[in-house]
There are 2 protein chains.
Amino acid sequence: MSGDRSATANRSPASLSDVARIAGVSVAAASRALNARPGVRPEIRARVLAVASELRYRPHGAARDLAMGASSVIGLLLPDLDRTIPPFWAWVHRHLCAVAAEQGVGVMVYFLDDIAEHLGDALIAKAWRGAVVAPDAARYRFVRDLHESGFPMVLIGAPAADFAVPSVDVENVESSADAVRHLLAVGCRRIGVIAGPADRTESRLRVEGYGRALAEAGLTVDPSLVIHADYTVLGSADAARDLIDHGVDGIFATSDPAAIATSWTAQRLGVDVPDELAVVGFDGLQSDVHDVADLTSVVQPVDALTREAMRMLDRSEHDGDPERVVIDPHLVIRGSTRRLAKPGG
Amino acid sequence: MSGDRSATANRSPASLSDVARIAGVSVAAASRALNARPGVRPEIRARVLAVASELRYRPHGAARDLAMGASSVIGLLLPDLDRTIPPFWAWVHRHLCAVAAEQGVGVMVYFLDDIAEHLGDALIAKAWRGAVVAPDAARYRFVRDLHESGFPMVLIGAPAADFAVPSVDVENVESSADAVRHLLAVGCRRIGVIAGPADRTESRLRVEGYGRALAEAGLTVDPSLVIHADYTVLGSADAARDLIDHGVDGIFATSDPAAIATSWTAQRLGVDVPDELAVVGFDGLQSDVHDVADLTSVVQPVDALTREAMRMLDRSEHDGDPERVVIDPHLVIRGSTRRLAKPGG
DNA sequence: CTGAAAGCGCTTACAG
DNA sequence: CTGAAAGCGCTTACAG
């Protein structure tokens, strides 16, 4: 409360000038040494490095960015799901951080609602290289402002029709058709679909794929077998029950949470999966719940999606039409459609 | 490729000096106006604000931090779970962002493995106000170095015995005892526990609580009913099966994923929950899977935990023993222990 | 090879 | 009330 103030003062982290002073060189030399720039006598470099290590020196990233006119941080704008992170986005989040780390880039994470409620559009974005955003972002005024002002932004997923932002997405229609073709192949004749929210682009596309596969098989779409739900387990359980009540023998869930809800509900109702009901999901979540349900699913190539998003952030041209990258997902077959016998039609 | 370079150049975001110049005032005045500092003629302020808005000016957070010697960003160091975010940490993550946003603070998220593999300890932390870390952090050399160098850090959860860092945690022993007392109260006589990894502090404490409740009831701990698993659904399913094979009528799972595994496994085996097997979890995850399983659980007060962690970051004294805050969780009773009849002992 | 100087975008005493 | 100046921690031409 009075005495050894010096000991405490020493706690403030060492700066480059501290290192330079103690090593007996200029800050310019110290900077060059630390950054392995050419033109520093080895002896000097060694001394600087030693002092830096001794002082536990670590560079001030923001100051460096400022000086270099560069940016080593990107933003990630996430949707909120009942005070937690939606499973798919947690997955994207983790991969984006990995890809960013490879490039020495940090990720600042914000939830769209928080920005709207607290931060306003201030402080956000100015020092960022750009931002990766979820489709939900289109609903926020500040996101559109940001985009219109030329701020680099790439959306992962299917952008809303009125939001012309660069995007990376999986191919939705054919991959969904493949999922349904698979259900047909294992013997399903009456297939229902749990769609996402009606206003979501990717939901519409996935249902389109569903229709395409049925048409190819000479089947028509029964509207009562197309049920909309959100992308949550809880919110999809009723849809699953409805479809089962309608006597389906196969369900294409346009999200893994919906597929898990289906699997769970079937189990509750004593309906055997996969023999009485085959289930295909969409996402390929790495979550362990997903593993336990042993779901056949259209697996999103999240590593490729985030890697591409990162790349697009840099070449954000902003002239002409926004770039759209589409990556093919893969249907991974697992227990929920692995029937021993294929019941005839 | 040649022509309107100016149009492109204009894309670079407006700086304070741009605003000042166009408003015809000094940058100092512009700064004061924008920050609502006293001593600016209303007329000037209005002009500055108008220009700023016109130019879509937004402050450069890092530059401001640098000038003010402050920091408006904290770090969050997360564990990795098979290339995704562990459910409990996704929950903490979301709340921490909310609490930070209230204070105009941003959150930089890093995964411990990524730092160890790619970033090294550089670039990290220098400009942060401090970092919130998971117990796993103790396993990383760079985290310990950071801590030893006086960097503000607070751990959410139970710190390892040899890692003297400030921490916020739930009370583990009594709350676990309560969970088990509840199982006894609904009629369970043979209660098993799915513990966490043997080297985790909180796992040891929760098992201690389990033993305490049994002892109070005059029961002794049967070692074959204490099974260690990790905190994942998949990794806990075998433990659940083992316990069921041992004829338990109640299971205290020290994590919600383990409880979900139990519920799922019981269903698979045709064992009715809650009537034949009552299940209590720990965490109170808001995840929808959790909702569907309708688990009775010891709910962690994540909002309070993150709020307290945020507060502790500021008064990181670093002298004497590290501060330890313990918050009481609450047992929330739901379907997995709600028996119609209480079978006698 | 090395150092003094200017500058990145901002804020805050300090003089007018 | 207002502006010129110094400074936050760094980097990079530019002269020696």
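Residue numbers begin at 1 in each chain, while the letters A, B, ... track the order of the sequences. Everything numeric in this text was worked out from a predicted model, so none of it was measured.
Using a 4.0 Å cut-off between charged nitrogen and carboxylate oxygen, A/D65 and A/R129 do not count as a salt-bridge pair. At a threshold of 4.0 Å, the pair A/R307-A/E102 counts as salt-bridged, since one of the basic side-chain nitrogens sits closer than that to a carboxylate oxygen. Ion pairing between a basic and an acidic side chain is recognised when a charged N comes within 4.0 Å of a carboxylate O; A/R324 and A/D169 show no such pairing. B/D162 has a carboxylate O that lies under 4.0 Å from a charged side-chain N of B/R144, or vice versa, which qualifies the two as a salt bridge. The pair A/R94-B/D114 counts as a salt bridge, with a side-chain nitrogen and a carboxylate oxygen less than 4.0 angstrom apart.
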| request: Determine which bases of DNA chain C form Watson-Crick or G-U wobble pairs with both distances under 3.5 Å, and write the result as a 5' to 3' dot-bracket string with | for other-strand partners. | output: |||.||||||||.|||

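Using modelled atom types, no side-chain atom of A/R311 and backbone atom of A/A309 make a donor-acceptor pair closer than 3.5 Å.
Taking atom P on both D/dA4 and C/dG7, the two are 16 Å apart, rounded to the nearest angstrom.
Scanning both residues, A/P79 and A/W89, for their nearest heavy atoms gives CG-CD1, 3.7 Å.
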| field | Under 4.0 Å protein heavy-atom contacts per nucleotide of nucleotides 1-11 of chain D, with B for base, S for backbone only and - for none | value | SBBB--BBBBB

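Put simply, CG on B/L66 and NE2 on A/H60 are 5.5 Å apart, with the number rounded to the nearest 0.5 Å.
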